[in-house]
Amino acid sequence: MHIYQQPWFSKIMHPSRYLGEEINSIKKDPSNVEVYIALAFPDVYEIGMSHLGLKILYHILNSQHWLSAERVFAPWVDLGSELKERDIPLASLESGRPLSEFDIVGFSLQHELCYTNILSLLDLADISFLSEERGSMDPLIIAGGPACFNPEPVAKIFDAIVIGDGEEAALSICRAVREWKLDGRKSRFELLKRLSKFRGIYIPSFFKPHYDTKGIIQYLEPLIEGYTGVEKAIVPDLNCYPFPSKQIVPFTELVHDRFTIEIARGCSRGCRFCQAGMIYRPVRERDPLEILRIAETGLHETGFEDLSLLSLSSGDYSCVLPLLKELMVKVADRHVAVSFSSLRIDRIISLLMEEIKKVRKTSFTIAPEAGSQRLRDVINKGLIEDQILDTAREIYEGGWNLIKLYFMIGLPYEGDIDLKSIVELSKRISRLAPKGRKGHVLNVSIGSFVPKSHTPFAWLPQIELEESKRRINLIREGLQSHRVRVKWNKPEASWLEGIFARGDRRLTGVLVEAWQQGARFDSWSEHLNLDIWRKAFQRHRLDPDFYLLRERGHDEILPWEHINPGISKEFLLGEWQKAMKGEETPDCRKHCLNCGVCNGSNIAPVLFDSRHPFPPAKPARHSKASAEADGQGEAGRARALRAGMPAVLPRDKADRHERAGKEEVTSQSKESKEKVKRYRLRFTKLEKTRHLSHLELVRLFIRAFRRAGMDLAYSCGYHPMPKVSFALALPVGVESLSEIMDVQVKNIQDISLTIERLNTELPSGIRVHFMEEISIKAPPPRIKESNFHVRIDGFFNKEDLDRFLSVNTFPVIRQRRNGDRTIDIRYLVKDLNLLSKDELELVVRHGIGPEMKPAEIIKEVFTLPDSQMEGIRILKTKDVHI
Ligand code: SF4
């Protein structure tokens, strides 16, 4: 039985997180699957599903017919407790297969604060925490993600850890497991030995660290001959791995609820505090033509109304402006808003703004990181104050009401004068906002700097917790204005993150201890409890300050010394020296700085020619490089572009591209002439979709309409919305045979075909069974009364029912945020009939004042305990509308 069918499931918060079977999720036929891998994300669904790496791996792995990649996320504490209490094993969303029955469980480690959740997932799956405690029949427990660049604090948990890009490495692991299984799962040690031969795969049990009396690593002993270190896995050219367009469309709203395309990986700027900028080198851009194709196909396949172009520094993408212009031509008419994950401040930003605001003004964040010029030079931010102010002015003048600013405190060599500069700079920016704007015009976010492995600041101490609080307060006090809102990350979280970011293997014991004492969801401020952690450190006789507050010597063996991200230690130490002098290191797109990553052959920056990103269909002239590109597909084209040649589409593809453009223009101009019409739909909401909230249902329909090719009419104004209205919001947990909604659309020719098409885009349980055109001026749908069929485990007391029906009023007090409210449920209930001992029919009036959910009415009338309410099933059978 799936957990959503359990009677107690109705009381779980955000149930739509756990339903599975979302549009575009992949469920394989078990008879064809040879290897099962669970992609485990140690945080909640909304965060995990926003993560790019999960989208990429899910599709790459599932593209293999013999492999099933399924998702599992950390259940929130309420569901975690229910599963534990009822001894229900944690299972995947796709097949409901228990995690312990997978061949591989692969964790995504995005940051260090998710480590206790790894243990929670393993515990709920009844899998032993430590690698050495697991045997051949247990799943292989692996990890990947940026936190793995110092894997040591969790090294004892994992059998294998992917360092670097996961595309090829994850597939190699799955292939090796497939062969190992075919071979009879003989020796787990032999499997690990085989995995250790792949680039980027770290087997922690093949190394043994030795510590001196102070706790510093004396030497790291390799236990397998010839296996002395791990070079990061790298995808030299992203264009060799097609980016997924058929991305899963979730029921629940995600943290980043949009269609995303990774336009580039790596960053060439060299900000000295940024680990991602160091470990993901060199910069590798995706072909702009491919990005256009993915955007067009993906938006059609998902129905998303937002498109985000992702990379560490999206504004640095060589063809960013032509790409954005081309995208806007294709998506603006469909009301798709485009945003960038991160934009640097430079001259191009105003041009990008002009394009972005054609649909909707997506938010703008400026990240000066430091307030003073001196400190921005220390961190190699490459920004001067005039640039920041000019950009802020342009954003406000462009019509944006709010700017977000991001700063860090605790950067190396920071003093109070730098903090005061944050205050001054923020005030200056807020004064640039037009005078008449109401409310706050500036959001200032403050994060505490955490030195990370493989960066120029990896040797430096982190500031103390109390000092972090003092520095944050200094900024808060300086920015007490109704126009500026200051937000900050809890410094306690940075304290814990800092310990694990540069920790060693001895921390695994502390981690397990803290988990046993109740540490969970440490990245959620309401859950982080440092007392638990301090006690765990004491119990294991480890001093947190050893990891946090100590400057490491240049010659010290760091816990991650055997993990090679390509960038050399000499380069990082040199950058530290330059930081002390405030010297600039230029962007390595223009001039290679020999950081050690590129190898002069296949590993090199992949950049596209910004002058010719969208070439005419006919290539003007063929040189050797462009001829090679023409004939050899994506990789050849990428090579040609690296060689400085204009990108040339293969002939048939170019024709298709041109034809598609023309067809689109023709169909758009035809559509724009079509009149907006209004339709009324009736639909069911049954089975698992009863757990969707009203807002989730609205979003689901809008995206289904878009996927079905319906050209929705939009409202005008700052944030145009599709013209869709529902008669009533059905309470979560209630099923319905008949719901009503209205939608305004331009291009419907045949109603029955539209219903058919629409139903293929809706999840099972939701079916449109009636649709008719109504007057565009008709009033919105209004329901006078609804009939519900109610069933419980147990029986209804007839005396309770008679008592209720015999009175004229039945006042019930409801506690609301703005005070108590009395509702007369006798007046709300038009009829209440017992059909059998455990079934009844309830008829409720609407539109006569404050309402109550049918479940609440039943609970009050029959004074049912919570335990009996858990098993209640309510089905709306019909309604009467005005
Ligand atoms: S080797 Fe040169 S081009 Fe390659 S990432 Fe390093 S600095 Fe940039």
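In listed order, ligands and their atoms are each counted from 1. Quantities reported herein were computed from a predicted structural model and do not represent experimental measurements.
- The residues R284 and E262 are annotated as not salt-bridged, no charged nitrogen and carboxylate oxygen being separated by less than 4.0 angstrom.
- By the 30° and 60° cut-offs, the orientation of the rings of F41 relative to H51 is tilted.
- A donor-acceptor contact under 3.5 angstrom links the side chains of T585 and R272, judged on distance only.
- Counted within 6.0 Å of NZ on K208, heavy atoms from surrounding residues, nucleotides or ligands total 12 or fewer; the atom is thus considered open.
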Atom pairs and distances, side-chain donor-acceptor, residues 219-231, under 3.5 Å, sequence neighbours left out:
residue	atom	partner	partner atom	Å
E221	OE1	H210	NE2	2.8
Y227	OH	I201	O	2.7
Y227	OH	I203	N	2.9

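- Excluding waters, the protein N/O/S atoms found under 2.8 Å from atom 2 (Fe) of ligand 1 are C592 SG.
- Note: F207 and Y202 meet the aromatic proximity criterion, with ring centroids under 6.0 Å apart.
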